[in-house]
Amino acid sequence: MFSARVEPAWSLEAWRVAARAAWCANVAPDQVDWEGGAQGGLLATPEVTTLPAQREAPRVSSDFLALAGAVLCHRDPHRHGLLYRLLWRMGQGERGLLAHATDADVHRAGVLAKAVRRDSHKMKAFVRFREVPGEANAFVAWFEPEHHIVDRVAPFCARRFAGMRWAILTPYRSAHWDGDALAFGPGGVRADAPADDAREALWRTYYANIFNPARLNPTMMRSEMPQKYWKHLPEAALLPELLQSAGARVREMAERMPEAPRRRIPEAAPEPLLRADDSLDAVRAAAAACRRCELWQPATRTVFGEGPPDARIVLVGEQPGDEEDLSGRPFVGPAGKLLDRVLAELGIDRGALYLTNAVKHFRFEQRGKRRLHRNPTSSQVAACRPWLQQELARLDPQAIVCLGANAARAVLGGDFQLMAQRGQWRVMADGARALATVHPSWVLRQPDAKAREDAYALLRQDLALLVPKVRASA
Ligand code: URA
């Protein structure tokens with residue numbers, strides 16, 4: 001047997017040094033006693049770092065290192081050995097091992113990493129600083145994490161509370177930020193942190209006021225804010241009373257009705273009726289008040305088409321993205337930039353084209369601060385189609401290019417198959433020619449540089465079919 005020492009026990013660097021030494025010395029997992037080493041036990045076995053290397057260090061993926069970094073923060077005394085077993089097995093040829101979620105070792109590592117992530121998340125959410133009496137801008141928080149996560153979470157706190165001087169004390173370790181640098185020290189006891197400060201009284205008053213008894217879901221609340229964290233939260237002292245009185249407060253609120261409900265979004269002027277001879281600008285103004293589907297509500301604005309009213313060529317995209325929604329202009333984000341590049345390479349002046357979308361509101365899913373694009377549903381495309389028809393009727397283009405499957409279906413019919421039918425001119429009922437090609441975002445979404453290059457070439461090849469039309473209309 002050999003022993004392996006990891007100090008501190010959650011350090012990825014320290015574990016890697018020991019694991020590399022054991023691997024290079026060809027020491028099998030069942031020959032290493034990690035637990036004794038990790039706990040600093042005095043074993044009469046040689047340490048792996050003293051053994052001569054017999055082979056090269058193994059190569060490991062960044063996924064494995066990220067997993068190991070999380071697993072090491074768990075308190076499970078077997079975690080070092082578990083990780084070495086995974087390393088050993090991958091080194092012995094089980095290359096795709098981490099993808100096998102049902103493998104006992106992979107599963108166990110996943111469980112430990114998840115617990116650490118959850119604990120870290122709770123620490124970020126529930127650390128509460130108290131001002132140190134008599135010191136300007138100095139704060140101390142007491143926290144009792146389940147796992148060894150202080151080193152993992154402290155950099156987040158340093159970014160988030162960069163302008164304060166603070167310390168976070170836990171039973172096993174403390175982190176200190178002086179406004180410039182992070183430092184770590186030994187653990188403490190709860191009495192080391194101040195008990196209360198004036199801000200807490202203010203915070204409790206605020207919390208009691210924003211607490212909405214009508215939205216109370218105690219089960220959800222307990223799972224999001226488990227009771228074991230309540231001791232860190234100044235507002236927790238209020239919770240039993242707030243929970244108990246919630247029913248009576250809801251009844252009281254109901255009795256105070258009816259007060260006119262406050263609308264989050266002011267009523268827009270109703271969409272005006274359009275006549276056949278109304279201008280494109282009149283259509284644009286009418287579309288700004290569109291409520292034909294639900295997408296108007298979360299979106300910032302209608303993103304209507306843009307370009308000269310006498311443009312002979314129209315490009316139809318799918319729907320505005322994040323940047324288009326904010327700026328109100330089509331194709332100004334990453335997909336628009338890629339489109340600009342293809343057009344420039346082909347010598348086509350974007351300013352001579354009319355650019356619009358099949359759906360004129362941004363459909364997205366909010367994830368934290370990010371708004372992730374979601375494809376519009378077929379009923380949303382159908383609800384928006386009259387606007388596209390009104391645009392095309394005013395413009396009377398000679399050629400229409402549809403970018404992506406949704407645009408193609410909106411213009412060329414619901415059964416249009418993009419990859420099978422792209423790159424061919426078709427004659428529309430009114431005599432205009434229409435062509436469909438891949439969407440620039442699809443090019444950007446390709447998994448690697450080679451696939452992106454190929455997708456770009458496809459888009460360019462299809463858009464090159466526009467060149468004679470552009471010349472003819474110039
Ligand atoms: N994608 C589209 O389809 N349209 C835009 O305007 C931007 C991105």
Side-chain angles (χ1 to χ4, degrees), residues 280 283-284 287-288 290 292-293 295-296 298-308 311 313-344 348-366 370-392 395 397 399-412 414 416 418-419 422-423 434-446 452 455-456 458-460 462-463 466:
L280 191 57
V283 181
R284 175 179 290 111
C290 180
R292 294 180 185 198
C293 77
L295 290 184
W296 68 274
T300 310
R301 55 172 61 84
T302 306
V303 180
F304 201 71
E306 177 182 273
I313 295 168
V314 173
L315 264 55
V316 183
E318 302 216 343
Q319 62 156 332
D322 187 75
E323 292 192 39
E324 286 78 13
D325 170 77
L326 296 174
S327 69
R329 298 183 54 213
F331 286 105
V332 292
K337 297 208 168 67
L338 187 126
L339 179 65
D340 287 352
R341 192 177 129 205
V342 186
L343 294 175
I348 300 174
D349 174 15
R350 170 170 166 153
L353 311 178
Y354 186 90
L355 272 73
T356 190
N357 283 297
V359 172
K360 304 220 177 339
H361 280 115
F362 177 33
R363 183 171 191 226
F364 62 90
E365 189 180 312
Q366 191 81 43
R370 295 176 62 212
R371 302 192 302 171
L372 301 183
H373 164 278
R374 286 189 65 194
N375 272 333
T377 62
S378 52
S379 66
Q380 288 159 349
V381 176
C384 219
R385 192 175 293 116
W387 296 119
L388 181 60
Q389 285 166 341
Q390 300 261 15
E391 285 179 289
L392 295 177
L395 291 158
I400 303 168
V401 176
C402 308
L403 299 168
N406 281 327
R409 295 204 186 107
V411 174
L412 296 164
F416 190 86
L418 183 67
M419 289 324 257
R422 45 154 280 278
L435 167 93
T437 184
V438 294
H439 195 284
S441 321
W442 177 78
V443 176
L444 294 172
R445 279 199 308 273
Q446 296 302 307
R452 272 194 297 279
Y456 185 86
L458 207 67
L459 175 66
R460 190 179 191 280
D462 290 348
L463 287 180
L466 259 185

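Numbering of ligands and ligand atoms starts at 1, following listing order. Just so you know, these numbers come straight off a predicted model, no measurement behind them. When reading the values below, keep in mind they use all heavy atoms of this one structure, side chains included, and skip hydrogens, waters and symmetry mates.
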- Query: Which of the atoms of ligand 1 are close to H439, meaning less than 4.0 Å from one of its heavy atoms?
  - Reply: 1 (N), 2 (C), 3 (O)
- Query: Taking all non-hydrogen atoms of both residues, which atom of Q380 and which atom of P376 are closest, and how far apart?
  - Reply: OE1-CA, 3.4 Å
- Item | Distance filter under 4.0 Å to G317 heavy atoms, resulting ligand 1 atoms | 3 (O)
- Query: If you measure every N/O of E318 against every N/O of ligand 1, is any gap under 3.5 Å?
  - Reply: yes
- Task: Apply the test side chain to side chain donor-acceptor pair (under 3.5 Å) to residues E365 and H373: give CA-CA distance (whole Å), side-chain angles for both, the deciding distance (0.1 Å), then the verdict.
- Result: CA-CA 7 Å; E365 189 180 312; H373 164 278; over 6 Å; no
- So, the side chain of T302 versus the backbone of F304: is there a donor-acceptor pair under 3.5 Å, distance only? no
- Query: In terms of atom number and element, which parts of ligand 1 are under 4.0 angstrom from non-hydrogen atoms of Q319?
  - Reply: 1 (N), 2 (C), 3 (O), 4 (N), 5 (C), 7 (C), 8 (C)
- Does E324 approach ligand 1 within less than 4.0 angstrom via side chain, backbone, both or neither, non-hydrogen atoms only? side chain
- Looking only at distance, does G321 have an N or O less than 3.5 Å from an N or O of ligand 1? no
- Message: Tell me the protein heavy atom at minimum distance from atom 4 (N) of ligand 1, and give that distance in Å.
- Response: N357 OD1, 2.7 Å
- Flag the pair L315 / T356 as yes when at least one side-chain heavy-atom distance between them is below 4.5 Å, and no otherwise. no
- Side chains of Y456 and Q446, donor plus acceptor under 3.5 Å: no
- Task: Kindly give the heavy-atom pair with the smallest separation between V342 and R460, and that separation in Å.
- Result: CG1-CA, 3.7 Å
- Task: For P330, counting its heavy atoms only, list the atoms of ligand 1 lying under 4.0 Å from any of them.
- Result: 6 (O)
